[in-house]
Chemist: 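My structure is below; once you've seen it, I'll send some questions.
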Amino acid sequence: MAQLPLIAGVELGGTKCIAVLSNGPDAILEEVRVPTTRPEETLPALEAAMDKWRGVAAIGIASFGPVSIDPQSPDYGKITSTPKPHWAGTDIARRLAARYDVPVGFHSDVVGAAMSEARWGAGQGLGDLAYVTVGTGVGAGMIAHGRPVDGLTHSEFGHIRPVRLPGDDWAGSCPYHGACVEGLAAGPAIAARTGIKGEDLPHDHSAWETVVGALSSLFATLTLTGVPRRIVLGGGVMVGNPWLLPRLRAATAASLNGYVALPAVADMDTFIVPAALGGNAGPLGAVVLGAQALEDRTGIKVLVS
């Protein structure tokens, strides 16, 4: 059997960046982690490690954002209006493409996680999937037919405004939208409202009603796009509170009220599920993005299921 091409996957995260080298399904041959400080420190540190990797055929990048994913845009491949200090306007994709002269795939970190969970994780075998992370923020990425759902930019479903629960008039914590899903249900929102971190908040605290209401509105909205055959959940708020999942399933079913009358959606236990790849979801998703960039340019099938 011929040796599969080597793909470098780079996950740019808010606190750390991970680069991995892979040549097959779920195979990590090399890995390097560096702190996310300033771009002039973090990117050279990643490049110093990647410079030692010989024979890399393509690179995939899954980045915190917002990011510009439109190849026709002059900002393509850059982190754009991020609140993270020093990173707004940082060129990522074109910088690495010029340095290594290989095809580069570039997308948001949540889309990267969706790609890897569909390929090897909780959505294995499903080409149509939504991945939602509930942690420091709330982000959602969708793929259809194994490819990111793309257009002008990546989705920002975490900033939709859910229907508020009766009597709940808390302003929310999002600096842009106040009581959007992220402003009501992300970890910092829970802490801002209660003074207690989400992982420490008792399961019977009344604030969870708002969290469940906001997230179930998001899940119902994702379902109504008609794209996902499964919704995969990750992030610190979800991981730290396993009892939350049954409540979210019930609330999402109540929100939909039987409208999407399909077996895949009716069985909430298999429609809304926890992520399976843990900390590897991001870098492995970047590997899939790099593999697709190579396939698009050369027609070479890189990763097999």
Chemist: Kindly compute the distance separating OG1 (Thr194) from CG (Asp200), expressed to the nearest 0.5 Å.
Modeler: 9.5 Å

Chemist: Any carboxylate oxygen within less than 4.0 angstrom of a Lys/Arg side-chain nitrogen, looking at Arg119 and Glu117?
Modeler: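 Between Glu117 and Arg119 there is no salt bridge, as every charged N stays at least 4.0 Å from the carboxylate O atoms.
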
Chemist: Is Lys16 salt-bridged to Glu11, cutoff N-O under 4.0 Å?
Modeler: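 No, Lys16 and Glu11 are not salt-bridged.
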
Chemist: Which distance, rounded to the nearest 0.5 Å, do you find between the CG of Leu43 and the OG1 of Thr90?
Modeler: 7.0 Å

Chemist: Are Ile231 and Met115 connected in the hydrophobic side-chain network, where two residues link if heavy atoms are under 4.5 Å apart?
Modeler: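 No: no chain of side-chain contacts under 4.5 Å links Ile231 to Met115.
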
Chemist: Is any side-chain N of the basic residue among Arg230 and Asp128 closer than 4.0 Å to the acidic one's carboxylate O?
Modeler: no

Chemist: Between the side chains of Arg94 and Asp75, is the shortest nitrogen-to-carboxylate-oxygen separation below 4.0 Å, so that they form an ion pair?
Modeler: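 Result for this pair is no, no salt bridge flagged.
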
Chemist: Do the side chains of Arg249 and Asp267 get close enough for a salt bridge, i.e. N-O under 4.0 angstrom?
Modeler: no

Chemist: Do other residues, nucleotides or ligands put more than 12 heavy atoms under 6.0 Å from Asp101 CG?
Modeler: no

Chemist: Which value, rounded to the nearest 0.5 Å, describes the distance between Leu289 atom CG and Leu294 atom CG?
Modeler: 13.0 Å

Chemist: Do Glu182 and Arg161 sit within salt-bridge range, that is, some charged N less than 4.0 Å from a carboxylate O?
Modeler: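 Looking at Arg161 together with Glu182, the answer is no, because their closest N to O distance does not fall below 4.0 Å.
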
Chemist: To the nearest 0.5 Å, how far apart are OG1 in Thr210 and CD1 in Ile190?
Modeler: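 Here the rounded value is 10.0 Å.
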
Chemist: Are Asp168 and Arg164 ion-paired here, with the side-chain N under 4.0 Å from a carboxylate O?
Modeler: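 Yes, this pair counts.
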
